[in-house]
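Taking it in order: structure first as structure tokens, then the write-up.
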There are 2 protein chains.
Amino acid sequence: MSTADRLIESTRELLWERGYTGTSPKAIQQRAGAGQGSMYHHFAGKPDLALAAISRTVEEMRAAAETQFSAPGTAVERITAYLRREREVLKGCPVGRLTQDPDVMADPTLRAPVEESFAWLCDRLAGILAEGRESGELDAALDARATAATVVAVVQGGYVLARAVDSVAPFDQAITGVLSLLSAHASTARG
Amino acid sequence: MSTADRLIESTRELLWERGYTGTSPKAIQQRAGAGQGSMYHHFAGKPDLALAAISRTVEEMRAAAETQFSAPGTAVERITAYLRREREVLKGCPVGRLTQDPDVMADPTLRAPVEESFAWLCDRLAGILAEGRESGELDAALDARATAATVVAVVQGGYVLARAVDSVAPFDQAITGVLSLLSAHASTARG
DNA sequence: GTCTATACCTGGATAGAC
DNA sequence: GTCTATCCAGGTATAGAC
């Protein structure tokens with residue numbers, strides 16, 4: 001891995017663990033095993049490095065989600081696969097975390113990937129839910145966009161709950177809860 | 001308002017806006033219109049002041065929630081009132097935000113109020129849902145604890161989505177979505 | 001490309017005068 | 001109780017040698 005890559009990876013880790021404000025160039029350099037001059041040779045500064053890190057993170061997140069979404073199966077099966085996917089729950093969401101960083105949200109360049117990421121995720125889930133509704137799998141009265149927002153919110157909020165009580169239990173419960181509610185909606189249509 | 005109170009209120013605002021790491025004693029003093037010496041006369045330092053601010057915030061949050069929870073009405077009505085309550089959505093949750101602050105979560109004293117806050121909220125909602133199940137309002141198969149976690153997660157995640165796209169729309173959609181799913185569950189029991 | 005030196009600002013806190 | 005002076009570490013970046 002090149003020095004530039006190591007710097008990006010270190011930044012990704014630190015943004016995840018400590019956020020933008022809590023991440024110093026010095027900490028990035030130490031974790032990457034790179035010197036001061038090396039970092040400023042490859043990147044213009046902290047915001048530039050953060051942009052590279054954030055871009056890489058959102059790409060990975062999207063690819064990971066798309067794996068579940070494009071798998072074979074019904075809408076509920078694919079959403080279940082997405083929700084039950086293995087996650088580092090106690091570390092939280094590396095993208096959602098950025099929404100709490102005022103310096104990230106205040107910079108349009110840093111903010112854009114975060115914004116696009118969640119917009120894409122909601123749209124994609126709404127599309128899958130709409131498919132399920134068209135095919136008769138889900139109740140015709142189901143609001144695809146609202147339900148999609150609920151699903152994404154449950155994941156993001158599940159992370160918050162898990163971190164609050166330092167246990168994955170509430171995350172798993174929140175997922176179980178929304179899947180039960182959604183499945184009930186599906187069986188109504190079937191019955 | 002006393003100087004100590006102004007310092008606490010300023011700290012509450014700044015913790016909400018910028019988090020613990022992003023909040024400096026100097027910024028607190030300036031917002032409170034207090035001097036350096038004044039702050040260190042009333043409080044031992046930043047962690048001490050943060051504890052006072054966090055304690056006050058979680059008390060307010062709990063009181064606000066309890067207002068909706070203890071109002072007359074069915075379980076779903078009270079939960080709807082809670083979820084539809086007016087919120088400063090784009091500012092996010094002042095308590096949930098703290099879960100993203102590693103320095104807060106690493107300090108047991110600062111962490112405890114956050115942890116208790118979410119534990120209480122989940123328990124309280126689970127109790128209300130269990131009541132609704134006992135009374136026949138809700139499906140007997142409904143898992144009260146899981147559903148409670150889902151409800152809390154939707155609120156917390158709704159904040160994340162709203163901040164991500166800088167719009168209250170996804171927050172409102174997420175609430176609408178979970179209430180639709182829950183209401184469908186209720187009508188199953190009634191039908 | 002990477003290193004060291006340097007610079008300036010802020011964070012967080014203490015000391016002692018008033 | 002509040003003020004000012006002072007302190008040291010760290011954040012963030014530039015300059016220039018190698």
Side-chain angles (χ1 to χ4, degrees), chain A residues 1-56 97-98 100-111, chain B residues 1-56 97-98 100-111:
Chain A
M1 198 157 56
S2 72
T3 298
D5 269 326
R6 289 203 318 280
L7 284 164
I8 293 175
E9 289 304 310
S10 300
T11 305
R12 295 215 300 152
E13 292 171 17
L14 284 162
L15 285 181
W16 195 0
E17 294 166 17
R18 306 202 38 84
Y20 185 82
T21 306
T23 296
S24 69
K26 180 177 295 192
I28 293 169
Q29 294 150 25
Q30 285 174 344
R31 188 171 296 213
Q36 189 95 323
S38 189
M39 179 189 132
Y40 284 100
H41 170 75
H42 292 289
F43 299 95
K46 183 174 160 176
D48 187 35
L49 194 37
L51 177 59
I54 292 171
S55 300
R56 194 175 282 188
R97 205 231 177 282
L98 301 168
Q100 303 297 331
D101 254 307
D103 296 341
V104 170
M105 299 317 272
D107 180 337
T109 306
L110 295 179
R111 183 202 182 99
Chain B
M1 200 157 54
S2 72
T3 299
D5 269 327
R6 291 204 317 280
L7 284 164
I8 293 174
E9 290 304 309
S10 300
T11 305
R12 295 215 300 153
E13 292 172 16
L14 284 162
L15 285 181
W16 195 1
E17 294 167 16
R18 307 203 35 85
Y20 185 82
T21 305
T23 296
S24 69
K26 180 178 294 191
I28 293 169
Q29 294 152 24
Q30 285 174 345
R31 188 171 296 212
Q36 188 94 325
S38 191
M39 178 187 133
Y40 283 100
H41 170 75
H42 291 289
F43 299 95
K46 182 173 159 175
D48 187 35
L49 194 37
L51 177 59
I54 292 172
S55 300
R56 194 175 280 189
R97 204 230 175 283
L98 300 169
Q100 303 296 333
D101 253 308
D103 295 341
V104 169
M105 299 318 270
D107 180 337
T109 306
L110 295 180
R111 184 204 182 96

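By convention in this document, chain letters (A, B, ...) are assigned in the order of the sequence lines, proteins followed by strands, and residues within each chain are numbered from 1. Remember, it's a predicted structure, so these values are computed and weren't measured experimentally.
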TODO: With heavy atoms under 4.0 Å as the rule, sort A:Thr23 into base, sugar-phosphate or nothing.
DONE: sugar-phosphate
Task: Proximity to the side chain of A:Gln36 - top-ranked nucleotide from D:dT2, C:dT4, C:dA13 - done: C:dT4
Task: Any B:Lys46 side-chain nitrogen or oxygen under 4.0 Å from OP1 or OP2 of C:dG12 - done: yes
Open item on the list: In whole Å, I'd like the distance from the CD atom of B:Gln29 to the P atom of D:dC3.
Closed with: 10 Å
Open item on the list: Measure CG/B:Leu49 against P/C:dA13 and give the value in whole Å, please.
Closed with: 10 Å
Open item on the list: Is the phosphate of C:dG1 approached by A:Thr3 (side-chain N or O, under 4.0 Å from OP1 or OP2)?
Closed with: no
Task: Salt-bridge contact A:Arg31-A:Glu17 (side-chain N to carboxylate O under 4.0 Å) - done: yes
Open item on the list: What is the distance, to the nearest angstrom, from the CD1 atom on B:Ile28 to the P atom on D:dT2?
Closed with: 16 Å
Task: Salt-bridge criterion met for B:Glu9 and B:Arg12 (N-O under 4.0 Å) - done: yes
Task: Selected nucleotide, minimal atom distance to A:Ser24 side chain, candidates D:dC3, C:dG11, D:dG11 - done: D:dG11
Task: Salt-bridge present (B:Asp5, B:Arg56; N to O < 4.0 Å) - done: yes
TODO: Report the distance from atom OH of B:Tyr40 to atom P of D:dT2, rounded to the nearest whole Å.
DONE: 16 Å
Task: Lys/Arg N to Asp/Glu carboxylate O, B:Asp101 vs B:Arg97, below 4.0 Å - done: yes
TODO: May I have the distance from B:Phe43 (atom CZ) to D:dT2 (atom P), rounded to whole angstrom?
DONE: 11 Å
Open item on the list: From C-beta outward on B:Pro25, which listed nucleotide comes closest to its side chain: C:dG11, D:dA13, D:dT2?
Closed with: C:dG11
TODO: Could you tell me whether B:Gly35 contacts a base, only the sugar-phosphate backbone, or nothing, with contacts defined as non-hydrogen atoms closer than 4.0 Å?
DONE: sugar-phosphate
Task: Rounded distance (Å) that lies between atom C1' of C:dA17 and atom NE2 of B:His41 - done: 15 Å
- [ ] Would you kindly give the CG-to-C1' distance between A:Leu14 and D:dG11, to the nearest whole Å?
- [x] 14 Å
Task: Carboxylate-amine/guanidinium contact B:Lys46 B:Asp103, below 4.0 Å - done: no
Task: Rounded distance in Å - NZ (B:Lys26) to P (D:dC3) - done: 15 Å
